[in-house]
Amino acid sequence: MRGSNPNQKEHAVAEAKNGDRVQVHYTGRLDDESEFDSSADREPLEFTIGEGSLIPGFEEAVSGMSPGDRVDARIEAADAYGDRREELVFRVDRAELPSDLELEVGQELHVQTGDGHELTVTVAALDDLHVTLDGNHPLAGEALNFEIELVEIL
């Protein structure tokens, strides 16, 4: 029979916290179960919690996990890519775009705003005279469901 030694400290299990660099595997699905992204068959995703390089809800889901832990996290649109904003959908005359630019629906373009910022837009629709561009993230307005496994705290 083993006795407990009052001088022996229990080993604390490391929990991911703000400022930690971590590696995770994940699969992301929409409410209709369609998969939009996964790290399966790839290297784990590596990031620093609290740095803001990922959507806030994802970082919050990883915070408090220990290596080997798995969690299912639902991230509402507000904590993911935000709500869809119709003011980010706009129509431009084809004449305003370079004449050699071949466009197709779903294509991503980088445009410069009036204040000098670069914005990624998606070609939402086009006809002979106009192009409709959408500046919303493709997942804006969507709740995201993630299966996350914390691989390592670096």
Side-chain angles (χ1 to χ4, degrees), residues 1-91 101-113 115-126 131-154:
M1 184 154 134
R2 297 179 95 185
S4 65
N5 180 342
N7 297 324
Q8 191 176 29
K9 294 182 181 176
E10 287 186 36
H11 292 285
V13 176
E15 289 186 354
K17 63 188 179 313
N18 208 32
D20 283 346
R21 188 130 190 101
V22 297
Q23 289 183 337
V24 300
H25 273 299
Y26 67 93
T27 298
R29 290 187 176 83
L30 300 177
D31 284 342
D32 67 4
E33 293 298 319
S34 62
E35 186 177 298
F36 62 85
D37 196 10
S38 177
S39 66
D41 302 322
R42 295 193 317 227
E43 291 294 316
L45 173 66
E46 187 173 310
F47 68 98
T48 301
I49 298 174
E51 194 172 68
S53 60
L54 299 177
I55 58 175
F58 192 95
E59 290 191 6
E60 289 172 21
V62 173
S63 191
M65 291 178 70
S66 297
D69 284 356
R70 294 174 184 259
V71 68
D72 291 329
R74 178 178 173 82
I75 302 170
E76 298 299 331
D79 291 322
Y81 294 100
D83 292 323
R84 247 186 99 59
R85 296 175 34 206
E86 288 310 311
E87 67 270 19
L88 295 179
V89 179
F90 51 98
R91 197 167 135 168
L101 185 62
E102 294 184 30
L103 298 171
E104 59 185 57
V105 172
Q107 180 180 3
E108 286 190 352
L109 302 173
H110 301 285
V111 298
Q112 193 145 0
T113 62
D115 59 5
H117 290 90
E118 189 173 281
L119 178 66
T120 300
V121 297
T122 303
V123 176
L126 47 98
V131 178
T132 303
L133 301 174
D134 186 347
N136 286 289
H137 187 281
L139 295 173
E142 299 279 358
L144 308 178
N145 302 293
F146 285 98
E147 296 168 10
I148 304 169
E149 176 188 3
L150 180 59
V151 176
E152 187 174 3
I153 300 173
L154 303 173

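Asp134 contributes a side-chain N or O that, together with a main-chain N or O of Asn136, makes up a donor-acceptor pair within less than 3.5 Å. The closest donor-acceptor contact from the side chain of Thr122 to the backbone of Gln107 lies at 3.5 Å or more, if one exists at all. Not a single donor-acceptor pair under 3.5 Å links the side chain of Asp79 to the backbone N or O of Glu76.
Across all non-hydrogen atoms, the minimal contact from His25 to Ser39 is ND1-OG, 2.8 Å. Annotation for Ser66 and Glu15: closest pair OG-CG, 3.6 Å, computed over non-hydrogen atoms. Scanning all heavy atoms of the two residues, the minimum distance from Ala16 to Ile49 falls at CB-CD1, 3.6 Å. Of all heavy-atom pairs spanning Ala61 and Val71, the tightest one is O-CG1, 4.2 Å. For the pair Ala77 and Asp83, the tightest heavy-atom approach, listed with the atom from each and the gap, is CB-OD1, 3.8 Å.
Side chains of Glu46 and Gln23: a donor-acceptor N/O pair is present below 3.5 angstrom, by distance only. A donor-acceptor contact closer than 3.5 angstrom links the side chains of Thr48 and Arg21. A side-chain donor-acceptor contact under 3.5 Å links Asp37 and Tyr26.
In this structure the side chain of Leu103 reaches within 4.5 angstrom of the side chain of Val131, judged on heavy atoms. Residues Leu126 and Thr132 fail the side-chain proximity criterion, which asks for heavy atoms closer than 4.5 Å. A 4.5 Å side-chain heavy-atom check between Val121 and Glu108 finds every atom pair outside the cut-off. Here the side chains of Leu30 and Leu139 are in contact, with some heavy-atom distance below 4.5 Å.
The distance from the CG atom of Asn18 to the CD atom of Glu60 is 10.5 Å, given to the nearest 0.5 Å. In this structure, the separation between NE2 on His137 and CG on Leu88 is 13.0 Å, given to the nearest 0.5 Å. If you take CZ on Phe58 and CG on Leu45, they are separated by 5.5 Å, rounding to the nearest 0.5 Å.
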Q: Step by step, work out the side chain to side chain contact (heavy atoms under 4.5 Å, CB included) result for Val123 and Glu104.
A: CA-CA 7 Å; Val123 176; Glu104 59 185 57; over 6 Å; no
Q: Could you please spell out the steps behind the side chain to side chain contact (heavy atoms under 4.5 Å, CB included) verdict for Val89 and Leu133?
A: CA-CA 6 Å; Val89 179; Leu133 301 174; over 6 Å; no
Donor-acceptor pairs are to be reported for all side-chain atoms of residues 141-154 against protein atoms at under 3.5 Å, with residues two or more places apart or in another chain.
| from | atom 1 | to | atom 2 | distance (Å) |
| --- | --- | --- | --- | --- |
| Asn145 | OD1 | Arg74 | NH1 | 3.3 |
| Asn145 | ND2 | Arg29 | O | 3.4 |
| Asn145 | ND2 | Asp31 | OD1 | 2.9 |
| Glu147 | OE2 | Arg29 | NH1 | 3.0 |
| Glu149 | OE1 | Arg70 | NH2 | 3.4 |

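Heavy-atom contacts from other residues, nucleotides or ligands closer than 6.0 Å to CG of Asp115 number more than 12.
Annotation: salt bridge (charged side-chain N to carboxylate O under 4.0 Å, His left out) contacts of Arg85 (sequence neighbours excluded): Glu87.
Comment: Glu86 engages Arg84 in a salt bridge, judged by a side-chain N to carboxylate O separation of less than 4.0 angstrom.
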